Participant: 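Quick one: the structure is below, questions incoming.
If you're wondering where the values come from, they're calculated on a predicted model, not measured in any experiment. We count residues from 1, following the sequence as given. Values below: all heavy atoms of this structure, side chains included; hydrogens, waters and symmetry mates excluded.
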Amino acid sequence: MLLHALVPSSGPEDDGVVGEHDEDQEHVARPPLTVTRAREMTAGLREAMDDVRRSVAVLAAWVRDAHAARVWLPLGNPSWESYCDAEFGISRAQAYRLLDVARSLAAIHGAVAAHTDPSRTRDSAPATAAALDYGLSQRALIDVSGRSSDIVELITRRLATLAHSGLQDLDEATVRAVVRQAVRDVRTAPPSPPADPPADPAIAAERRLVDDLAAHSYAIGELMLEVAPAYLSDSDAADVLALLCEQIGKPLEHGLAARRYAMSGDRRALHGTVL
């Protein structure tokens with residue numbers, strides 16, 4: 001059943017690791033696999049994974065519309081969780097994970113629609129919700145469900161930067177890459193440091209100096225992103241940024257570090273170069 005397949009179960013078995021015994025059972029004598037057959041199998045796996053991701057987008061749209069319409073009331077259920085239990089046999093936690101997925105995807109789509117052609121990103125019925133597919137797994141959407149504002153801010157800023165630079169068309173592939181990178185950055189970003197200032201004035205002054213240097217580096221990183229968008233790898237970005245860094249008198253390593261910092265907001269990206 002699709003709902004069970006797409007909603008991760010909770011409990012000790014849900015550790016995301018394939019069992020070693022399962023792998024051992026695969027080591028049996030069999031004919032050698034040809035390169036052609038291996039590529040065919042890989043293509044099939046890729047297609048199946050894409051199908052699952054598209055299913056997540058479709059499911060999220062149905063969940064969003066059903067919850068907004070309070071679909072449980074006409075069917076005699078007192079709540080969303082009781083409705084999901086009665087109709088689909090899923091737990092309360094799973095029912096609310098579905099809502100997390102739907103809300104995350106809606107927030108992302110809202111940020112995208114604000115900076116792209118409305119005729120290509122217009123929200124519509126669940127049957128056409130595959131248009132909302134950004135290649136994100138359900139786990140990724142659940143992980144960022146509590147940080148929707150961070151996701152929206154990153155996507156908005158990066159799409160605006162690309163549009164302003166005029167160096168890259170905001171086509172489907174570009175938007176998809178920007179969204180995936182923003183979700184990846186938010187998922188991996190560490191918690192914000194405590195806001196309380198240190199009692200020692202010398203330490204406080206040093207922190208202000210570091211903050212100023214980080215803010216300067218962030219601005220440089222934004223400039224780097226205008227030339228080398230976030231979806232480019234470090235090696236690809238280096239090819240693009242080498243001349244720019246030379247012109248502004250910055251080492252390429254510093255420019256790449258500032259770019260990574262602007263993408264992630266994680267100051268550790270500056271360690272060993274700028275800081």
Participant: Does any part of the side chain of Leu59, heavy atoms only, come nearer than 4.5 Å to the side chain of Val101, both counted from C-beta?
Facilitator: no

Participant: Might you point out which heavy atoms bring Leu159 and Ala111 nearest each other, and give the distance in Å?
Facilitator: CD1-O, 4.3 Å

Participant: Among residues at least two apart in sequence or on other chains, which ones pass side-chain hydrogen bond (donor to acceptor under 3.5 Å, both in side chains) with Ser235?
Facilitator: Ser233

Participant: Identify, with sequence neighbours excluded, every residue that meets ring-ring contact (aromatic ring centres under 6.0 Å, His included) alongside His254.
Facilitator: none

Participant: Output all residues satisfying side-chain contact (heavy atoms from CB on, under 4.5 Å) with Leu75, sequence neighbours left out; order by chain, then residue number.
Facilitator: Asn77, Tyr83, Glu87

Participant: Applying side-chain hydrogen bond (donor to acceptor under 3.5 Å, both in side chains), name anything that partners Glu246, two or more places apart in sequence or on another chain.
Facilitator: none

Participant: Does Glu206 have any salt bridge (charged side-chain N to carboxylate O under 4.0 Å, His left out) partners at least two apart in sequence or in another chain, and if so, which?
Facilitator: none

Participant: Is there side-chain contact between Met41 and Leu33, with heavy atoms separated by less than 4.5 Å?
Facilitator: yes

Participant: Please enumerate all residues that pass side-chain hydrogen bond (donor to acceptor under 3.5 Å, both in side chains) together with Arg180, with sequence neighbours excluded.
Facilitator: none

Participant: Considering only residues two or more places apart or on different chains, which pairs with a residue in residues 37-47 satisfy salt bridge (Lys or Arg N to Asp or Glu O under 4.0 Å)?
Facilitator: Arg37-Glu40

Participant: Find out whether Val175 and Val178 are in side-chain contact, i.e. whether some heavy atom of one side chain is under 4.5 Å from a heavy atom of the other.
Facilitator: no

Participant: Measure the shortest side-chain to side-chain distance between Ile108 and Leu141 over non-hydrogen atoms and say whether it is less than 4.5 angstrom.
Facilitator: yes

Participant: Could you tell me which residues satisfy salt bridge (charged side-chain N to carboxylate O under 4.0 Å, His left out) with Arg184, sequence neighbours excluded, listed by chain and number?
Facilitator: none

Participant: Hey, could you give me the CG/CD1 distance between Leu241 and Ile248, rounded to the nearest 0.5 Å?
Facilitator: 9.0 Å

Participant: Who pairs with Asp212 by side-chain hydrogen bond (donor to acceptor under 3.5 Å, both in side chains), at least two apart in sequence or on another chain?
Facilitator: none

Participant: Which of parallel (below 30°), tilted (30 to 60°) and perpendicular (above 60°) describes Trp72 and His67?
Facilitator: tilted

Participant: Write out all pairs satisfying salt bridge (Lys or Arg N to Asp or Glu O under 4.0 Å) with one or both partners inside residues 73-85, taking only residues at least two apart or from two chains.
Facilitator: Glu81-Arg92

Participant: Considering residues at least two apart in sequence or located in another chain, which fulfil the salt bridge (charged side-chain N to carboxylate O under 4.0 Å, His left out) criterion with Asp234?
Facilitator: Arg259, Arg260

Participant: Taking a hydrophobic cluster as the set of Ile, Leu, Val, Met, Phe, Trp and Tyr residues connected by side-chain heavy atoms closer than 4.5 Å, whether directly or through intermediates, do Val152 and Val186 fall within one such cluster?
Facilitator: no

Participant: Do Val210 and Leu213 have side-chain heavy atoms sitting under 4.5 Å apart?
Facilitator: no

Participant: If I compare all heavy atoms of Leu98 with all of Val63, which pair ends up nearest, and what's the gap?
Facilitator: O-CG1, 3.8 Å

Participant: Would one find more than 12 heavy atoms of other residues, nucleotides or ligands at under 6.0 Å from atom CZ of Arg70?
Facilitator: no

Participant: Who are the salt bridge (charged side-chain N to carboxylate O under 4.0 Å, His left out) partners of Asp185, not counting sequence neighbours?
Facilitator: Arg158

Participant: Restricting to non-hydrogen atoms, name the atom on Tyr134 and the atom on Arg176 that form the minimum distance, rounded to 0.1 Å.
Facilitator: O-CG, 3.5 Å

Participant: Identify the two heavy atoms, one from Ala237 and one from Ala228, that lie closest to each other, and give their separation to 0.1 Å.
Facilitator: CB-CB, 3.9 Å

Participant: Where is the tightest heavy-atom contact between Ala257 and Leu270, given as atom of each residue plus distance?
Facilitator: O-CD2, 3.7 Å

Participant: Taking all non-hydrogen atoms of both residues into account, name the closest pair between Ile155 and Ala182 and its distance.
Facilitator: CG1-CB, 3.7 Å

Participant: If Ile, Leu, Val, Met, Phe, Trp and Tyr residues are connected whenever their side-chain heavy atoms lie under 4.5 Å apart, and connections chain through other members, are Val240 and Leu243 in the same group?
Facilitator: no

